[in-house]
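As the structure is a prediction and not an experimental result, all values here were calculated from the model.
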Protein chains: 2
Amino acid sequence: MHLSNTSKYTIRILANMVNHKDTTLISAKELSDNLKIPYKFLTKIMTELVRVGFIESIRGREGGYKFLRPASEITVGDILELFNDSIKDEECILGIDSCNAKQKCALHDKWIKSKIQLQKMFKESTIESIAAEGNKI
Amino acid sequence: MHLSNTSKYTIRILANMVNHKDTTLISAKELSDNLKIPYKFLTKIMTELVRVGFIESIRGREGGYKFLRPASEITVGDILELFNDSIKDEECILGIDSCNAKQKCALHDKWIKSKIQLQKMFKESTIESIAAEGNKI
DNA sequence: TTTAATTACTACCCTAAGGTAGAATTAAAT
DNA sequence: ATTTAATTCTACCTTAGGGTAGTAATTAAA
């Protein structure tokens with residue numbers, strides 16, 4: 001019961017970008033140093049984030065990354081969805097295909113309650129809020 | 001954000017065993033048929049459950065499996081622990097090493113709330129309760 | 001004693017996640 | 001023009017989860 005490393009890293013990378021002076025671009029090297037994420041692995045994630053349009057890259061000397069969509073409009077849920085980490089509405093926690101509101105498994109109701117709470121947290125947490133003053137990143 | 005297939009299967013296997021007439025043993029073949037879990041994969045799980053002492057096996061013709069510990073004393077949490085699927089207390093949802101009660105990540109408090117709720121559900125759900133009358137398995 | 005039905009053991013195979021390596025491309029600075 | 005600092009592309013490696021195959025061991029029934 002946990003998020004994938006890639007999701008976790010991605011959220012922290014984007015939050016770190018928010019806190020960088022946005023007059024300049026931030027490079028992969030700098031992010032890798034800040035977050036202690038292996039450089040090559042980080043660039044792989046960055047390329048994916050460029051591909052889906054969360055960020056933009058400028059190549060060549062003095063290049064780097066910057067947000068394309070504002071950090072206040074990218075949510076944790078968006079990231080989890082990108083890496084197939086989000087909690088699907090229909091998903092029974094015990095993996096029972098026929099479990100639904102009519103025919104419930106023993107955990108159905110409690111799981112729904114937790115699931116909604118988590119989904120709400122993921123949806124309401126923007127990258128901007130993750131990066132806000134006083135929060136550990 | 002999900003449980004491993006092995007954990008899900010295991011919970012359902014044990015619940016299925018509860019609902020079997022316990023005057024007789026239940027065989028891997030029967031469980032595999034009941035739950036549509038591939039026979040060979042199921043026997044692999046069963047051998048592990050024997051190894052850790054949840055169930056007992058009787059080999060040879062007319063053999064099969066039965067509970068060693070009562071189903072009312074095996075919890076979902078026990079199973080998740082066995083397959084490294086449980087939620088650790090210290091674990092930050094964003095994977096931040098230095099995140100703790102003093103220095104929190106943005107999701108810390110909300111995550112703790114959900115985490116406690118889930119841990120409680122896992123701890124309080126016995127195999128017996130999963131198998132109880134009226135529940136989908 | 002043989003046979004059939006059962007679990008256990010050993011050794012694989014496949015896929016995806018996580019991670020690494022090297023070279024190609026880009027563009028500013030010199 | 002050349003150098004340098006950056007991203008991107010392609011290809012690979014390693015590990016763990018999920019799953020399969022074959023065979024040995026066991027034991028009760030026939």
Touch class at under 4.0 angstrom, heavy-atom based, for A/Y39 against every strand present: base
Whole-Å distance separating the CD atom of B/E48 from the P atom of D/dG18: 13 Å
Salt bridge flag under 4.0 Å for residues B/K120 and B/E124: yes
A/L68 CG - D/dT7 P separation (whole Å): 16 Å
Side-chain donor/acceptor contact of A/K40 with base of C/dG18 under 3.5 Å: no
Residue met sooner reading DNA chain C from 5', once A/Y9 and A/G60 are mapped to nucleotides: A/Y9
Residue B/S4, side-chain atoms from C-beta onward, closest of D/dT7, C/dA8, D/dG18: D/dG18
Euclidean distance, atom CG of residue A/L25 to atom P of D/dA6 [Å, nearest integer]: 11 Å
Short side-chain N/O contact to C/dA8 OP1/OP2 from B/T43, under 4.0 Å: no
Pairwise distance CG(A/D85) to CD1(A/I79) - rounded to 0.5 angstrom: 11.0 Å
Interatomic distance where CG belongs to B/L49 and P belongs to C/dA8 [whole Å]: 10 Å
Minimum-distance nucleotide (side-chain atoms of A/R59 versus D/dA30, C/dA24, C/dG22): C/dA24
Counter-base of D/dA1, judged by Watson-Crick or G-U geometry with both distances under 3.5 Å: C/dT30
Interatomic distance, A/I37 CD1 vs C/dG18 P [rounded to whole Å]: 12 Å
Interatomic distance, A/F41 CZ vs D/dC9 P [rounded to whole Å]: 18 Å
Residue mapping more 5' on DNA chain D - nearest nucleotide basis, B/I58 or A/M46: A/M46
Identified side chain to side chain contact (heavy atoms under 4.5 Å, CB included) partner of A/L107 from the options A/L94, A/I96, A/I112: A/L94
Closest to the A/N5 side chain, choosing from C/dG19, D/dT8, D/dG19: C/dG19
Distance in angstrom units between B/R51 CZ and C/dT10 P, rounded: 13 Å
Closest listed nucleotide, where the reference is the side chain of A/R61 and the choices are D/dT7, C/dT20, D/dA5: D/dA5
Nucleotide nearest B/S27 (side chain, heavy atoms from C-beta), chosen from C/dT6, D/dG19, D/dT7: C/dT6
Nucleotide nearest B/K44 (side chain, heavy atoms from C-beta), chosen from D/dT8, C/dA28, D/dG18: D/dG18
Rounded distance (Å) that lies between atom C1' of D/dG17 and atom CG of B/L42: 17 Å
side-chain N/O A/T6 vs C/dA17 OP1/OP2, d < 4.0 Å: no
From NZ (A/K136) to NZ (B/K104), nearest 0.5 Å: 14.5 Å
